[in-house]
2 protein chains.
Amino acid sequence: MPLLPASQARAALTHTLTLYPILNDRNRNRKLKITNVVKGQILQRSGELNTKVFTVQSGLLRSYTIDHKGKEHIYMFAPENWIITDNCEGDIPCDLFIDALEDSTCRVTEKDFEKLTSDRKLLIKRINVLQKRVIMLMSSSAIERYEHFIEIYPEITQRVPQRMIASYLGITPEALSRIRKEISNEKV
Amino acid sequence: MPLLPASQARAALTHTLTLYPILNDRNRNRKLKITNVVKGQILQRSGELNTKVFTVQSGLLRSYTIDHKGKEHIYMFAPENWIITDNCEGDIPCDLFIDALEDSTCRVTEKDFEKLTSDRKLLIKRINVLQKRVIMLMSSSAIERYEHFIEIYPEITQRVPQRMIASYLGITPEALSRIRKEISNEKV
DNA sequence: GCGGTGCATTGATGTAGATCAAGAAGTGAT
DNA sequence: ATCACTTCTTGATCTACATCAATGCACCGC
């Protein structure tokens, strides 16, 4: 297999992403602009000059790309207490779409690159997220990747349709269906 | 295919690695302990309580794991001007072997976790290395991963045997051989 | 010279997961 | 209740790469 359908890989090839959990909730009660987002609402479009950082307070966002066939490919999930923003800087338009998988509330702030690259704890969090992703990508078989995923994100498994998990794992929904069948057979 | 032979993936599943280029050469002429390493010499063994950081000044190191069949699987190359160390901390033994692919000289220093996690530029470098690795891992097909590899590491392509590049790419030497044949046919 | 020893190539065959296609089962709108 | 729409499942076939096995080829010590 290709790890990802070729189309997704091509779409993923240029972008990077900042994604990390909130380090503390010192800001949570400060009176900042809170946005309510309804399920399906798009917060950022690929190709836009994005300057926003989204801090999820409740609900679930996702980032994804769309290939030349119009197919979506999920890059990351961002549940409550996570921060998500495209890594694009200056004049470079972002590569990713961001939308809501559930009705959500999030804090929207202007992107501040100084802050994004100066906070040591935040940088360490970003490293940890990336390392997890590398380790998951290195998990060889689809079944291993899936088992690894439900270990790390047990809640998300319940909250999104299977085809999105398949997309995140880089496999087709059909393949995930067969994997789940196999796992449930093993348990009997 | 599995992205990596299953055995390698299992070996890779727990470890992480700090690897980044030297940010400046301010230290290069300071009288620090310089170690000459001959080709094949092992600097670190999996399972040891490693406390060393290796700064490559000339030559080429690699980090790798060994699976239960005794097969080596290359995790990263570290040519001159790169720093390499296992991410293990405290009482946790490291997961990786490190050895020299060429006669090398390197500076060996005690691992200083405070330093490894406090230098902002260094953290950003680590993020960049990880992002490159993620993007490479996401490149779907073996041929795409190989083309991406020779773009990023043109020198290393010339300096190490093919089977090691195959190992880094997560494919077999046979597959790499066929890929190279195909590419040379395309060019004719 | 000559026989190792390790690496690259080539062929044959096996397998995980993609792709295509056809149901089945759930959900919402009229 | 019925129709449309989506998700999940299941089967058939295809493809990229693994695995196994044989051969070629360089470099080495003798």
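Just so you know, these numbers use all the heavy atoms, side chains as well, and skip hydrogens, waters and symmetry mates. For clarity, every value in this text was computed on a predicted model and none was experimentally measured. Throughout, protein chains are lettered first and strands after them, A, B, ... in sequence-line order, and every chain is numbered starting at 1.
Using five terminal pairs a side, the axes of the helix from C:dG1-D:dC30 to C:dT30-D:dA1 at its two ends make an angle of 30°, given in steps of 10 degrees.
At least one side-chain heavy atom of A:Leu101 sits under 4.5 Å from a side-chain heavy atom of A:Met164. In this structure, A:Ile165 and A:Thr157 have side chains that are in contact, with non-hydrogen atoms separated by less than 4.5 Å.
Ring pair B:Tyr146/B:Phe149 is parallel by interplanar angle, where below 30° counts as parallel and above 60° as perpendicular.
In this structure, CD of A:Gln158 is placed 18 Å from P of D:dT7, rounded to the nearest angstrom. Distance CD (A:Glu144) to P (C:dG17): 9 Å, rounded to an integer number of Å. Remark: P of D:dT6 and CG of A:Leu101 are 17 Å apart, rounded to the nearest angstrom. Separating the CD1 atom of A:Ile143 from the P atom of C:dT15 is a distance of 16 Å, rounded to the nearest angstrom. Atom C1' of nucleotide C:dA16 and atom CD of A:Glu182 are separated by 10 Å, given to the nearest angstrom.
B:Arg107 contributes no side-chain N or O that, together with a main-chain N or O of B:Thr55, makes up a donor-acceptor pair within less than 3.5 Å. Under the 3.5 Å distance criterion, the side-chain polar atoms of A:Asp103 are left unmatched by any main-chain donor or acceptor of A:Val38. Side chain of A:Glu147 to main chain of A:Glu144: no donor-acceptor pair is present (N/O by atom type, distance under 3.5 Å, no hydrogens or angles).
The two residues B:Ser167 and B:Ile74 come nearest to each other via the heavy atoms OG-N, 2.7 Å. The minimum heavy-atom distance linking B:Met76 with B:Tyr168 is given by the pair CA-CE1, 4.0 Å. Heavy-atom minimum distance, A:Cys106 versus A:Val56: CB-CA, 3.9 Å.
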Apply the test salt bridge (charged side-chain N to carboxylate O under 4.0 Å, His left out) to residues A:Glu80 and A:Arg159: give CA-CA distance (whole Å), side-chain angles for both, the deciding distance (0.1 Å), then the verdict. CA-CA 12 Å; A:Glu80 48 279 344; A:Arg159 285 162 63 181; 3.0 Å; yes

Under the criterion side chain to side chain donor-acceptor pair (under 3.5 Å), I'd like the reasoning laid out for B:Ser58 against B:Thr105: C-alpha separation, chi angles, the key distance, then a yes or no. CA-CA 5 Å; B:Ser58 72; B:Thr105 58; 2.9 Å; yes

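The side chain of A:Thr172 contributes an N or O atom lying less than 4.0 Å from OP1 or OP2 of C:dA18.
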How does protein reach along nucleotides 5-10 of chain C, written 5' to 3' as B (base within reach of a heavy atom under 4.0 Å), S (only sugar-phosphate), or - (no contact)? --SSSB

Close N/O contacts between protein and nucleotides 23-26 of chain C (under 3.5 Å):
none

